[in-house]
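Chain identifiers are assigned alphabetically (A, B, ...) following the order of the sequence lines, protein sequences preceding nucleic acid strands; residue numbering begins at 1 within each chain.
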Amino acid sequence: MSHDTLPRPTTAGKRPEQSGRRPDGRRRRHWTKRANPLAGLGSVVWLVIVLIPIYAMLSASLTSQDKALTGNPLRPPAHPTLDNYNTVLHSGFWHLLSNTVIVAVTVVAIVLVLCVPLAYVAVRTRTRWSGAAFRLFLLGVAIPAQAVVVPLYLLIAELDLYDSLLAVILPTAAFAMPVSVLVLTGSLRDISEDLYEAMALDGASPLRMLFQLTIPLTKGGISTVVIYSALQAWNGFLFPLIFTQSDEPRVLTLGLFNFVSQFGVNIPALLASVVLSGIPIFAVYLVARRALIGGLMGVGGK
Amino acid sequence: MSSTVTSGGFGGGKTVKVRAGRPNAVWALPAVLFFTFFAVVPMGLAFYLSFTKWDGLGDPKPVGFANWQKLLDDPRLTQSLGITLMLMAASWVFQTVISLLLGVWAAGHQRNRAILSAIFFVPFLLSSTAIALLFYALLDPNFGIIRENTLGSTSGAFLAIVFVGGWQFIPFHTLIYQGGARQIPQVLYQAAAIDGAGRYRQFFSITLPQLRHTITTSTVLMVVGSLTYFETVLILTKGGPGTDTAILPYLMYEAGFKSYDFGYASAIASFLVVAATGLSLILVRLTGFGGMRSTREGM
Amino acid sequence: MESNRGRSTGSTGTAFSRRWVLGAGASALLTTGLSACGSGEGSGGGGGETITAFVYGDDAVKVQAAAVERFNRSTASKTAKGKIKLEKIPGSDYTPKLRTAMGSPSAPDVFFNWGGGSIKAYQEAGKVLDLTDIIQKDPVLKSGFLPSVLAAGDLKGRHYGIPMRGMQPVILFYNKTVFAEQKLQPPTTWDQLLANNAKLKKAGITPFALGGSDLWPELMWLEYLTDRIGGPEVFRRIQDGDAEGWGDPAILKAAEMVKTLVDDGAFGSKFSSVSYVNGGAPAVFAKGKAAMHLMGSWEYSTQLGKFPDFAKSNLGWAAFPAIAGGTGDVRNVVGNPTNYWSINPRTQNKDAAIAFLMECASEAYAKDLVALGDVPTTSNAAALLSSAPNPEYAKFQYDMVQQAPAFTLSWDQALGDELGTKMHTEIGKLFAGKSSPSEFVSACKGLK
């Protein structure tokens with residue numbers, strides 16, 4: 001996503017290093033675009049740091065269990081095998097995956113349905129109620145989920161939702177709301193008041209304005225919220241840990257945690273499960289890289 | 001940015017043009033109710049429970065200030081608070097320095113930078129649990145790739161947590177800084193270059209100040225986020241060796257779900273909420289974060 | 001035009017107070033609602049047909065799984081109109097999962113436990129059925145089990161559980177091949193143990209495997225050392241509620257001996273990151289990286305499940321050595337007498353639950369346990385031992401428990417969850433070198 005909004009200066013009459021043009025005539029636009037050997041080296045170092053665990057993970061997951069216990073894990077396996085992946089896939093992996101997808105989709109739906117109208121009100125209606133509502137969510141950013149786990153456990157048990165997917169979905173959605181509200185209000189504020197006035201002159205109702213004007217213009221904010229909530233749901237661990245216990249509503253993160261006891265020092269199988277857990281998001285990443293990254297950059301730009 | 005007619009902030013003040021076409025505040029109600037029920041009410045309940053003794057089986061029994069007294073007397077709390085703060089600070093330094101440098105570097109439009117950024121991003125795709133498991137396996141002293149007892153020494157365990165947190169979140173913060181760096185008007189650099197400022201001077205006089213808002217955003221996210229390193233601690237160190245990496249959330253988990261002293265756990269939880277809220281409020285006030293009106297300002 | 005960045009004034013006060021009232025009101029409503037439906041709720045497990053049984057999910061689970069299957073096909077199940085669903089909870093998670101489940105509406109109908117302190121909280125909350133009369137009235141249950149074992153799980157003289165696993169004394173296992181190579185004998189005195197350790201370290205072998213990160217394997221060391229030094233009365237005093245009992249000199253001496261062992265490298269340098277429940281310590285032991293392993297008798301079936309060759313040909317066993325100058329009888333044993341199955345009084349099918357528990361007294365069940373390498377606690381156990389996969393091991397265990405003047409229950413199970421967790425933390429600190437022996441003792445004295 002390029003925010004290149006300013007015109008490039010002309011180069012007439014300037015010396016090469018001033019004009020940003022290299023002597024051979026190629027355009028040099030921005031000082032960070034020059035080759036920066038020190039930073040380049042730093043990035044290579046970081047690249048290595050990022051890649052080594054990933055490499056070790058992939059390599060070990062393809063090793064057979066007995067060799068892993070004795071051999072050198074950094075060496076690529078002599079006889080790579082897909083046994084470990086098989087083991088994991090037969091340990092209920094698909095069920096874990098489908099549960100997690102259900103949770104993610106439902107959480108995103110709840111967050112969107114609740115937060116878009118809220119942001120709309122917060123930005124468009126300037127009463128003290130809407131102000132109070134906004135401030136509620138602003139403070140809500142600071143509430144750590146762990147702090148309310150015990151009373152939530154009480155609540156969930158009383159609502160008879162214990163050990164169900166809903167027990168995971170509802171609190172996760174609630175805790176994804178503060179940041180989502182912030183992002184949405186931020187992006188909604190960019191919509192010019194004039195546009196609303198124009199539609200008001202046409203006699204449009206607030207509902208029509210919402211669907212015809214606001215939502216189309218907030219695609220960036222909405223995609224950010226979708227990605228943020230989906231990731232919260234996908235990576236959520238504490239709520240599934242405390243609020244579910246049986247196989248039925250178990251999600252991927254909890255499944256991974258249980259694999260530690262199940263596979264233990266069967267490190268290849270354990271790492272195979274980690275790899276498998278990352279594949280769905282990786283697939284989304286490949287397909288929607290721009291949207292994903294753009295959305296996440298938007299999180300920073302509140 | 002176009003002109004927006006606003007009054008002096010939220011909730012009253014000067015006259016606001018109330019026109020037809022503004023949504024009724026009632027639209028906000030579902031969100032407020034939902035959030036209140038699942039987040040705010042539990043907070044209140046946590047506070048209430050901190051004045052009771054409850055083991056999860058019977059009914060909570062009111063015990064007045066007993067839990068709070070215990071909290072104040074508990075040496076483990078002070079230790080845990082110290083550990084939490086140190087972890088937050090170490091993580092902030094580690095992640096900010098690297099994300100900032102990488103983000104600014106990645107803002108450049110060279111193709112190799114784009115490819116490398118794509119690779120750098122991969123750690124962020126794994127969940128906290130998956131990453132903690134990955135490093136738990138890699139650091140197993142008997143069967144991992146590092147066969148020293150890293151997690152058995154205090155410094156090793158602490159550094160492992162800082163590193164794992166960084167490994168996971170640096171990609172995210174790099175993106176934030178990348179976005180921020182791309183916003184910096186090139187004119188500034190051009191002008192500085194004309195004045196003869198070198199690369200390093202330009203970095204400190206132009207890049208850093210321009211990234212002020214981005215640093216704020218990133219910091220707030222990091223600080224609130226570092227409180228949630230619960231998974232990492234649970235899987236990697238279980239608060240150990242001994243109790244040397246038992247951050248506050250872990251202490252609370254232990255009190256609640258291992259000792260089943262939910263009253264005391266709630267006292268710790270309430271304390272955690274107050275501390276987190278306080279910290280956020282301070283950060284917000286110090287940096288004018290809450291006053292930011294639109295997306296463009298944060299980048 | 002940039003919008004005003006100033007903070008708003010005036011509205012803060014009123015908005016806050018309204019919000020507060022709303023929140024307080026909601027909380028008040030909720031709490032009254034909670035106390036109203038606090039007691040007298042529905043029972044565990046929906047629908048009366050199938051009831052749930054929780055079991056500790058380790059290698060021994062197959063015996064219980066077989067029993068469930070037998071029961072579900074039997075006439076007893078049809079008469080009681082109920083089937084059993086076995087829920088296997090991974091070991092590291094068992095106690096918290098049980099606790100959370102028991103506090104929720106989907107509590108299990110039958111649940112695995114260690115008797116004594118481990119079910120004290122449930123008993124006080126009325127969540128475990130008193131089985132004393134049921135056992136008295138039923139001939140199968142009444143004479144089916146060794147009386148001492150049945151009684152070991154009691155609370156205040158009443159039975160709350162039926163034994164459903166083998167007896168689990170803690171035994172000193174050793175690697176026969178390593179011992180043969182190093183020309184060592186299993187130690188019968190502490191001095192011999194230390195001498196053995198010195199030779200092993202010289203050969204680059206860690207003397208003892210230890211799953212330090214789980215904490216309870218470390219506890220076993222403290223239990224035996226204390227018992228050998230001061231006898232079973234030392235812990236019994238603590239178990240009966242006297243926290244000053246931790247001040248007994250035997251405990252301090254035991255802690256000091258632990259420190260010496262750790263500092264000497266008897267457990268190697270990595271033990272605090274090695275776990276038993278995920279197979280780490282058994283693997284270290286089976287692969288010969290460590291020569292000995294102080295562990296409960298289930299170590300045999302664990303090894304049989306994970307490393308069968310090692311279990312069948314190289315696994316040796318011995319009693320914990322005597323300590324010179326100690327008052328404890330060398331025949332004393334620590335560990336778990338057995339595990340029990342208790343019934344949740346709110347179950348929707350008590351008859352099915354009881355009928356299922358009678359399976360545990362059956363010969364088929366005992367035979368399965370024996371085949372696994374465990375020694376059942378049933379009255380007919382002695383006769384069945386000859387068909388064990390390792391009759392020598394079975395007989396060793398049985399005799400050990402039979403002849404023991406005292407069998408001390410694992411300290412963490414005896415003390416219950418709240419104190420047990422805190423004690424674990426202190427023990428972890430002692431072994432990790434974060435507390436000195438005297439600091440350990442004073443910290444434990446504060447466990448109330």
Side-chain angles (χ1 to χ4, degrees), chain A residues 3 6 9 18 30-33 39 50 56-57 69 73-74 114-115 117-118 120-121 124-131 133 142-144 146-148 150-152 170-171 174 177 186-187 189-190 192-193 200 206 235 237 253 256 265 267 270-271 274 277-278 281-282 285 296-297 300-302, chain B residues 2 4-5 10-12 16 19 21-23 25 27-28 30-32 34-35 38-39 42-43 45-46 105 107-108 120 125-130 133-134 137-138 143 145 175-176 179 182-183 185-186 189 194 217 227 230-231 249 256 262 265-266 269 272-273 276-277 280 293-295 298-299:
Chain A
H3 287 264
L6 296 163
Q18 289 175 335
H30 195 265
W31 72 267
T32 55
K33 300 182 184 87
V50 165
M57 171 173 71
L69 283 181
L74 276 181
L114 292 180
C115 292
L118 175 76
Y120 188 48
V121 166
R124 295 269 302 142
T125 313
R126 304 298 170 79
T127 68
R128 68 173 44 133
W129 280 104
S130 60
I143 303 181
Q146 290 111 20
V148 296
V150 172
L152 264 177
L170 296 174
M177 285 174 71
S187 114
R189 272 194 212 111
D190 288 345
S192 153
E193 188 76 9
N235 293 345
F237 176 70
T253 42
L256 280 179
V265 284
I267 306 254
L270 200 57
L271 290 178
V274 171
S277 79
I281 299 240
F282 189 66
Y285 176 64
L296 283 168
M297 276 163 95
K302 289 194 280 298
Chain B
S2 50
T4 326
V5 180
F10 273 126
V16 167
R19 282 171 172 241
R22 291 196 186 262
W27 290 34
V32 169
F34 187 78
F35 185 67
F38 280 102
M43 250 179 52
L45 264 179
W105 174 82
F120 286 166
L125 300 176
L126 294 171
S127 60
S128 275
T129 317
L133 268 180
L134 170 63
L138 294 180
F143 306 108
I145 60 172
L175 264 189
I176 297 183
R182 285 201 179 156
Q183 288 286 44
Q186 300 153 35
Y189 292 111
I194 294 173
T217 307
L227 283 174
F230 175 70
E231 277 105 270
F262 286 120
S266 298
L272 194 60
V273 170
T277 315
S280 290
R293 288 287 179 251
S294 97
T295 323
M299 296 188 104

Study note, to complete from the structure: All heavy atoms of A133(A) vs all of L118(A), minimum pair found to be CB-CD1, 4.1 Å
Point to revise | Side-chain touch L152(A)/P42(B), heavy atoms, less than 4.5 angstrom | key: yes
Point to revise | Best-contacting candidate, A46(B), P30(B), A31(B), G256(B), against chain A by heavy atom pairs under 4.5 angstrom | key: A31(B)
**Study point:** Per-residue contact mode, L271(A) against chain B (heavy atom under 4.5 angstrom)
**Key:** side chain
**Study point:** Heavy-atom side-chain contact between M177(A) and F34(B) under 4.5 Å
**Key:** yes
**Study point:** Contact class of L138(B) relative to chain A, heavy atoms under 4.5 angstrom
**Key:** side chain
Check your understanding: Taking S266(B) for the side chain and A269(B) for the main chain, is one N or O donor matched with an acceptor at less than 3.5 Å?
Key -> no
